[in-house]
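Below you'll find the structure, written out as structure tokens, and then a few comments.
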Amino acid sequence: MEQSTSKIIGEPMNRVDGPAKVTGRAEYAGDHQVEGGIAEGFIVEAPAAPGKIVALDVADAEAADGVVSVLTYKTVPQQKPYGSPEDEGRFTQSHAVLENDRVRHFGEPVALVVAETLEQARYAASLVRVEIETEEGVFNALDHKDQAEKPDSVDGLDEVDTQDGDFETQFSQSTHKLEVSYLTGAQHASAMEPHVTVAQWDGETLIVHMAIQIVASAVSAYANTLGIDEANVRIISPFTGGGFGSKLGVHNEAILAALAAKQCGKAVRVAQTRRNLFANGPHRSRHLQELKLGADASGKLRAVRHSSLASMARNYPFAEAPASPTRASYAADAIHTFHRMVKADIPKVDSMRAPGEAIGTLTYETAIDELAEMCGVDPVEFRILNEPTQDPTSGHAFADRRLLDCIRTGAAKFGWSGRVKPGSRMAGRKLVGRGMAVAIRPNTLSPAQAEVKLAADGRLVARLDMTDIGTGTYTILTQIAAETLSMPASQVLVQLGDSRFPETAGSGGSFGASSSGSALLDACAKLKSALSERLTESGVSANAFAMKDGRVLANGKRIELADLIGAEGLSADGAVDPDNHAKGQADYSYGVQFAEVEVDADTGEIRVRRLLGVFDAGRILNRKTARSQLMGGMIFGIGGALLEESLMDDRFGSFMTRDFAEYHIAVNRDVPDLEVHILDGYSEHSNPLGSKGIGELGICGAGPAIANAVHEATGVRVRKFPVHMEDLLDRLPAV
Amino acid sequence: MKPFDYQRLETPEHLGHVEAGRFLGGGTNLIDLMKHQIETPDVLVDVTRAGMDRIEERGDAVLIGSQVSNTDLASHPLIRRDYPVLSSALLSGATQQLRNKATTGGNLLQRTRCQYFYDTARACNKREPGSGCDALDGLNRFHAILGASENCIAVHPSDMAVAMAALGAVVVTRKRDGTEGRIPVTELHRLPGDRPDLDHVLDEGELIVAVELPASPPRLQSYRKVRDRSSYAFAVVSAAIALDLEDGHMRNLRIALGGVAHKPWRATKAEAMLEGKMPEAALFMEALEQEMADAEGHGHNDFKKILAPRVVVAMLRELTGLGGN
Amino acid sequence: MANVSMTVNGRSVSGQCEDRTLLVQFIRENLGLTGTHVGCDTSQCGACVVHVDGKAVKSCTMLAAQADGSEVVTIEGLASGGELHPVQAAFREHHGLQCGFCTPGMIMSAVDMIQRHGGRLDEKTVRQELEGNICRCTGYHNIVKAVLDAASKMGDGTKVAAE
């Protein structure tokens, strides 16, 4: 379909990568083939931890059919110390594996078996004998509250703690007081494509095909781990099969593949199995969140205190900030927020879709619902009543806040008519309840660069090291280039995921589209003005022009591009600098979610019947991909409320729910009647495109809307997530 | 996977002539277990092409070949008409693609889904006799409340077998020496006792050739699977019920429970209390409480003691027309 | 070692592989057809679905030897002459894909479903029968629309409006 050249950004254009993906032609990292073949690496996991390897026998494995090499800490090529250099971030520091005889956590690799085929490697891996002398470990923060510390920093926020206003006084003087604590479970991002890397060496140069969200930081991680120049690392990642935070950084298989390729002198693929992933991939840790809320008789918030306790992996600096939404959602006379962490001997804890907000809105928006009920105020009205005029903690002006528009639109579209007495609405043997909650997620902009090159035949190539992890990057960047240069989208070719392309911050934190899109916008604008100059030089003075099929159309004239830009074409570089945008302003994306659930009156089984979200994410770059991002987030939210939990056996520090039969993510039938509404918007301060982050917004608020609906259905408040039938079973109303 | 020799059985009569090994049906469970080194056969005998893939009506019984796929069995007109509880149980298990591959015999012989059985770093008497049971004091939400032992609290994961238990099905086998065996489905699986490594009573090399369903099953049938998500999840608890109502009295009542024991659990105590009686809600609950008298929880699965009776009572009310209240 | 012969996407192929070679590995490594993906390795996610003798199966939990003599169709075998299969076209049009990793398996399951049900498919059946295909992104909503639209185009039902 030929797109109109006037307005393309925002149009529901079909994915440009659609044909490749529906025919199986899209090449994911594990699909990469190498001339001369690829050896397969299989990870041998530590059966216990923390501790020390006291025996490691690889003789049987080495003797097994097809085995090329077995890497252990005794034989692995030289690496820089894990975590160095200390002053760098977690995604770029050394990620050394098989470093020494120490085992930090359950499932950490103690060996890599490389063989000609996967089954040979898998079997030989089972022949490696390892004995660990274990020490007492810390696995669950709740069992070690005495070791809680204030972390150096928390994810996504400037301050670890905030204390605005006099909490004690405001709380003690409140008419209605709520004091509750919630448990949220550990979760794994569970992208459909497991972590996989194909590595090979070309002399001093490491060439890597990997599943990754941020190419540039992975280059640094390889350089810092292997002690080589960044210029000698080439990463190629044109398609990534989902990330949700889990592919922000490199993981064990990535480094192992590079080391094994060096050791074996040939290309090596290491694919984590789904089981591996629950120990060798990152996870969201369990949290205890304590909330104290106070309101006056009318339902106006006076005091808010939100403190969070969780585990962080020892030697890996990441602390999630569930109190993030609490700082920015509602006005109150005093808001105090705290984050405490216990260092634990567990697999890597890191970002998972909407870190902070996903589980922060889950608890805060549930607590707000409880407080509204105590105050006798409708939950929709309660939120309107407590709408702030400036950022409640920083005091900054809002860059763009239309939360009340979302709430009012949502209430009308959902048909919200106030709450009914909990446990009183039935349909057959099902108890039916409704609930709502607010979605909020900080909007950020990251530095990014882009280059464009226009050829004389009218084709434009845009290059960035940005990734498309499923969000639709290829498509929105195509739209941005086509609209800016007034040319058909079909003549734009966007190339991504190569470390040789200009650097961006990649995909993560919902900043990908705005950041890389703004850089591309800049590059295209520069190309356009350069072309304008050429036009002027050639005697055509035009304020506006369009391009098609190698011709420029200006002032009713058709000029051959070749005559303007010659055979060498015309190039331009662009960039975006976050310091120039939303300075001193509080910048967020917003939304509201309404849910209807049914609870089986006999068994307590919970199913979502209806989910409706209204969102404001500034300017929408592609209505089709944007809707899908929001829907996907909302369904993710069903998982957070009702299904997903990585259960750890705290005696061993090992996750036990290590496949999709145990770790439940929503299946197709779990998807209810689903509605997504997006407000038209343009957030002028946020970035040159006027867009805001959308990839994580949909998950925020979905879980608490469902939990609040479960309460209305049953009268039961469950303060642990996910909510299961047994949490309700013996408290269901007798009907 | 450990290297093995793959062979095919041409017909059941050739059983004595192939090397002794593990039988391979659809392989949807066995091959996974082989990947994890939980099953390490030297010889794999593929029995799917041995002609045991027909469903035949024989006067007093319906004979289901052991290699009939779960999909074909669930969608067979005769099964849908006379044995809807079986069709419904089959369709509630696994997924379309697995049901296409999984066989009747293989479904019966699938192994437990206990996470400790699957995790070779953990102690499991079923996987490694004498190593202990980490599930006992571990994460045991899905585990047994009936008939378990201190050695094993695993449950049998099949839905199909629960329905077959309620239908009084009989497993027909053939041994290597050519003799035939007949085992009621309810006696095919063992309770764990001190040998949890043995799931069933079949001899080494004994092949399930068919499953026989008695003709004229009870008219009222129902299968219900309680689970965490809307589909594609193992049963927290499931139940299959078959009965007739004659002049308002319950006859031929059979109740089988899934997700509560090492085998499909026939609620014989409850059946005995209810057989011949008029439907009555209080009586239902009393009978099920009686059935659960010996039930024992292990922490995370305590709720099944409440859940299982509730599920059966709700089903009985619906089947007998008592309705919700 | 096993000598395995089968028809893949209409082409006769044969090769030698170890008895323990999985069908998905045979397809990806021996035949180079990498559109069939491995997402879980334990037959739970559906990314590896192919058709064996006309039925959708999970190729990660099946031996290549089990498929000996069979007719296998993979995602690469659906489109003909550069023209997308109606199900592929519908997935694209209705945005039934995001990261795309589950897409080949999802499409293969959908084609099998439509072949069995024809134009009689409804939303409930589609959701039920796609239970073995997990999409984490998650595009379930649009996937169902795509399947229903393709089913109606392949049969003679009504068109489903794209969103």
Just checking B:Glu56: does its CD atom have more than 12 heavy atoms from other residues, nucleotides or ligands closer to it than 6.0 angstrom? yes

Side chain / backbone / both / neither for C:Glu129 at chain B, heavy atoms under 4.5 Å: both

Tell me which of these, C:Val49, C:Val52, C:Asp41, has more heavy-atom pairs under 4.5 Å with chain B than the rest. C:Asp41

Shortest non-hydrogen contact between C:Gln66 and B:Gly25, atoms and distance: NE2-O, 3.5 Å

Atom OG1 in C:Thr61, atom CG in B:Asn29: separation rounded to 0.5 Å? 9.5 Å

Work out which heavy atom in B:Arg49 is nearest to a heavy atom in C:Ala65; give both atom names and the distance. NH2-O, 4.3 Å

Give, for atom CG of C:Leu22 and atom CE of B:Met34, the distance between the pair rounded to the nearest 0.5 Å. 9.0 Å

For C:Ala56, is it the side chain, the backbone, both, or neither that has a heavy atom closer than 4.5 Å to a heavy atom of chain B? both

Select one option (side chain, backbone, both, neither) describing which atoms of C:Val57 are under 4.5 Å from chain B's heavy atoms. both

In terms of heavy-atom contacts, does CD of B:Glu318 have more than 12 from other residues, nucleotides or ligands at under 6.0 Å? no

In terms of heavy-atom proximity below 4.5 Å to chain C, should B:Asp46 be classed as side chain, backbone, both, or neither? side chain

Engaged part of C:Leu130 at the chain B interface, taking heavy atoms whose separation is under 4.5 Å: neither

Out of B:Leu30, B:Leu24, B:Thr71, which one racks up the most heavy-atom pairs below 4.5 Å with chain C? B:Leu24

If you define the side chain from C-beta out and look only at heavy atoms, does anything of B:Thr95 sit under 4.5 Å from C:Gln128? no

Can you name the nearest heavy-atom pair linking C:Asp19 to B:Tyr6, along with the distance? OD2-N, 3.0 Å

Tell me whether B:Tyr232 contacts the main-chain N or O of C:Ile134 through its side chain, where contact means a donor paired with an acceptor under 3.5 Å. no

C:Asp68 versus chain B, heavy atoms under 4.5 Å apart: side chain, backbone, both or neither? both

Any salt bridge between C:Lys55 and B:Asp72, counting N to O under 4.0 Å? yes

Tell me, side chain or backbone of C:Asp112 under 4.5 Å from chain B's heavy atoms, or both, or neither? side chain

Chain B contacts: which residues in residues 77-91 of chain C have a non-hydrogen atom closer than 4.5 Å to it? none

Could you tell me which portion of B:Leu91 (side chain, backbone, both or neither) has an atom closer than 4.5 angstrom to a non-hydrogen atom of chain C? backbone

Which of residues 97-107 of chain B have a heavy atom under 4.5 Å from any heavy atom of chain C? B:Gln97, B:Leu98, B:Arg99, B:Asn100, B:Lys101

Report yes if the side chains of C:Arg116 and B:Ser75 come closer than 4.5 Å at any heavy-atom pair, otherwise no. no

